[in-house]
Amino acid sequence: MENEVLLDAGAVTRCRRRVHLDHDPTVRDVPRAPQDPSAAQRIADAAAHRDEIARRLIAAIGEGWASVPRDLPVPDRVALTESALATRTPFIWGALLPVDLDGGRRGGVEVLVRTADGYVPVLVVRHRITDRGEGAMTTGLTDLDPDNATPDPARKVRSHPRDQLRLAHIRRMLQKLGLADPRALGGVIGLDADVVVWHDLNAQTWPGGRGALTEYDARFADRLAVAKAAAAGEEPLAQPSRVLECRHCPWWPICGDQLLAARDVSLVVRGEDGVELRRAGVSTVDKLAALDPAEGPPVPLTGESFGNSVMLARAWLADLNVVRKVDRVEVPRADVEVDVDMESFGDSGAYLWGCFLSGADIGVPHGYHAFATWEPLPTTDEARSFAEFWGWLTEVRQRAEKAGLTFRAYCYNALAENRWLFGTVKRFAGEDGIPPRSDIQSFVDSEEWVDLFQLVSDQFLCSHGKGLKVIAPVAGFSWRDPEASGEASMRWYRDAVGLDGDEPRPEQAERILRYNEDDVMATYTLRRWMSDEAQNVPYMGDL
């Protein structure tokens with residue numbers, strides 16, 4: 001089996017260059033980026049979630065289970081899986097299928113379910129798989145029979161293409177063994193662990209009217225060709241290009257150095273735009289910067305406009321983090337102002353709402369106010385802390401109105417805050433102090449709720465990204481904690497509430513509060529800078 005190339009299901013959603021490097025023997029001993037501790041924690045959380053689902057399923061269904069322990073050596077796991085398949089075991093937990101040498105596949109799945117005509121795969125994932133709506137095909141959590149699936153009047157499928165592609169991978173492996181149910185079905189159990197969502201992998205819901213299986217086959221064939229070329233030492237079929245995945249890729253030290261050395265155009269444009277520009281001969285930042293915006297793009301772009309992309313390239317060459325798009329930077333201001341920042345823990349909930357009050361005196365103390373629960377999420381105490389936050393914010397708004405003063409609240413990227421504003425009132429509807437959804441909608445739709453991220457996007461070009469940790473330092477702000485980041489706060493939270501079974505650590509809760517206070521002070525500093533000093537930032541027309 002030496003030089004055999006085998007890909008798991010994840011390969012079809014990975015960057016093509018990463019697939020190449022995963023199979024390139026010449027870089028086998030090159031140091032890679034260390035795994036982010038938050039990624040390791042997500043892996044551990046996913047394993048704990050799977051264990052809990054296994055316990056619940058086996059307890060509820062009872063007979064007919066075979067379990068394949070994940071900590072066994074691979075050959076033993078495969079042997080146990082083959083034995084269970086041979087005896088037509090109704091439910092196989094932790095299945096690891098024998099490799100498909102001809103197809104180049106390896107992989108396993110949380111549950112294999114026996115039907116009258118074969119097996120169907122069921123994934124267990126730690127993300128939410130439905131939204132409010134209708135039409136998702138579901139069964140109850142402990143009903144693993146796809147024949148019982150019916151359209152759910154209260155749920156629609158939340159888009160997670162990776163789930164369907166994983167199911168397609170296992171289906172192809174089952175077909176190789178002659179054990180697949182003729183129907184192209186697969187199930188998913190999500191974070192809420194209340195239903196199984198069933199997918200028809202032939203349903204034409206993908207771009208171009210394709211089904212998940214058709215999409216999977218095309219992607220897998222491409223990734224397999226990339227991997228085989230790398231393993232054989234042939235001309236690479238995938239070159240480095242900066243994409244979103246790069247932020248957490250172990251191979252970034254290699255690709256990052258190569259891209260910087262080449263001054264690759266993807267350093268300033270979106271990944272797919274970089275691909276198209278290279279095809280048009282615009283392979284470097286320098287070549288993009290030299291183009292005339294008035295002549296129009298050599299290829300259509302999906303990210304920034306062509307003119308803005310040229311200016312981003314020029315800003316990058318001038319080592320400018322930000323340049324102005326507009327003659328005059330403007331930020332809506334008010335007599336009474338509140339900066340808001342929320343801290344959440346994955347999909348489990350929002351445990352902290354931090355606010356910084358400034359402006360005219362309305363009888364509420366100025367400064368930082370925190371509304372938090374330090375009970376491990378998920379917890380009903382989240383309703384109490386949110387109700388206190390909303391009550392405080394409502395009082396500030398009402399006092400400002402009564403005094404004849406204007407009011408505005410600011411956040412950085414309202415998508416995050418809005419998600420938990422709406423999500424929290426939905427989950428805790430009817431609890432003391434929880435407002436109706438209409439109150440949240442009215443606030444979010446009003447001029448009182450200002451998204452600084454959108455204002456930055458509209459008025460600046462940012463050559464190194466638009467995250468608050470990148471932009472606020474331009475305004476002169478710095479965080480007190482040298483490790484300050486959203487991912488680091490996840491680790492601090494685990495320690496603060498004793499989520500791993502250890503004693504809670506109050507000092508980590510204090511660390512989170514300092515971090516959150518700095519976040520709201522960062523938005524406060526940024527918007528004041530935008531109102532005043534930002535006019536000194538170079539204008540893109542002058543580059």
Taking the side chain from Ser463 and the backbone from Leu312, do they hold a donor-acceptor pair closer than 3.5 Å?
no
Looking only at atom types and distance, does a side-chain atom of Arg17 sit under 3.5 Å from a main-chain N or O of Ala238, one as donor and one as acceptor?
yes
Taking CG in Asp319 as the centre, count heavy atoms belonging to other residues, nucleotides or ligands within less than 6.0 Å. Is the count above 12?
no
Taking the six-membered ring for Trp, are the ring centroids of Trp420 and Phe422 within less than 6.0 Å of each other?
no
Apply the test side-chain contact (heavy atoms from CB on, under 4.5 Å) to residues Lys287 and Leu277: give CA-CA distance (whole Å), side-chain angles for both, the deciding distance (0.1 Å), then the verdict.
CA-CA 10 Å; Lys287 290 181 178 179; Leu277 284 168; over 6 Å; no
Asn321 side chain to Val474 backbone, donor-acceptor under 3.5 Å:
no
State, to 0.1 Å, how close Leu123 and Leu167 come at their nearest heavy-atom pair, and which atoms those are.
CG-CD2, 3.6 Å
Residue pair Gly108 / Ile170: nearest heavy atoms and the distance that separates them:
O-CD1, 3.4 Å
Within the distance-only criterion (no hydrogens, no angle test), does the side chain of Arg314 pair as donor or acceptor with the backbone N or O of Ala289 below 3.5 angstrom?
yes
Over all atoms of both residues, closest heavy-atom pair of Val5 and Ala231:
CG2-CB, 3.8 Å
Run the ring-centre check on Phe356 versus Tyr368 and record whether the distance is less than 6.0 Å.
no
If I take atom CZ from residue Arg511 and atom CG from residue Asn516, how far apart are they, to the nearest 0.5 angstrom?
14.5 Å
Please confirm whether the backbone N or O of Arg333 pairs with a side-chain atom of Arg408, one donor and one acceptor, at under 3.5 Å?
yes
Under the 3.5 angstrom rule, does the side chain of Lys325 hit a backbone N or O of Asn308 as a donor-acceptor pair?
no
Near-ring test Trp449/Phe443, centroid separation under 6.0 angstrom:
yes
Give the intermediate values and the outcome of side-chain hydrogen bond (donor to acceptor under 3.5 Å, both in side chains) for residues Lys466 and Ser457.
CA-CA 7 Å; Lys466 292 180 285 191; Ser457 300; 3.3 Å; yes
For Tyr410 against Glu337, the heavy-atom pair lying closest together
OH-OE2, 3.1 Å
Quick one: does Arg324's side chain have a donor or acceptor within less than 3.5 Å of a partner on Asp327's backbone?
yes
Given the rule in the side-chain contact (heavy atoms from CB on, under 4.5 Å) test, do Val331 and Leu452 qualify, once you have shown the distances and angles that lead to the verdict?
CA-CA 8 Å; Val331 178; Leu452 282 180; 4.3 Å; yes
Check this for me: does any side-chain nitrogen of one of Arg491 and Glu483 sit under 4.0 Å from a carboxylate oxygen of the other?
yes
How about Lys156: does its NZ atom have over 12 heavy atoms from other parts shown lying under 6.0 Å from it?
no
Give a yes or no answer on whether the side chain of His49 reaches the backbone of Val125 with a donor-acceptor pair at less than 3.5 Å.
yes
To the nearest 0.5 Å, how far apart are CG in Leu237 and CG in Leu224?
11.0 Å
Ignoring hydrogens, what is the shortest heavy-atom contact between Arg162 and Thr13? Give both atom names and the distance.
NE-OG1, 3.4 Å
When you look at CD of Glu507, are more than 12 heavy atoms from neighbouring residues, nucleotides or ligands closer to it than 6.0 Å?
yes
Distance from Met540 atom CE to Leu320 atom CG, nearest 0.5 Å?
14.0 Å
Thr406 (side chain) donor-acceptor with Asp335 (main chain) under 3.5 angstrom:
yes
Donor-acceptor pair, side chain of Arg278 and main chain of Ser283, under 3.5 angstrom
no
Nearest heavy atoms of Ala509 and Ala496, plus distance in Å:
N-CB, 3.6 Å
Please work out which of the three classes, parallel, tilted or perpendicular, describes the rings of Phe371 and His369, given edges at 30° and 60°.
parallel
Are the charged groups of Arg18 and Glu245 less than 4.0 angstrom apart, N to O?
yes
Before we go on, tell me: are the rings of Tyr351 and Tyr493 under 6.0 Å apart, centre to centre?
yes
Residue list, ring pair (Phe, Tyr, Trp, His ring centres under 6.0 Å) with Phe220, at least two apart or on another chain
His169, Tyr216
Using side-chain hydrogen bond (donor to acceptor under 3.5 Å, both in side chains), reason through Asp341 and Trp353 one step at a time and then give a plain yes or no.
CA-CA 6 Å; Asp341 185 72; Trp353 293 84; over 6 Å; no
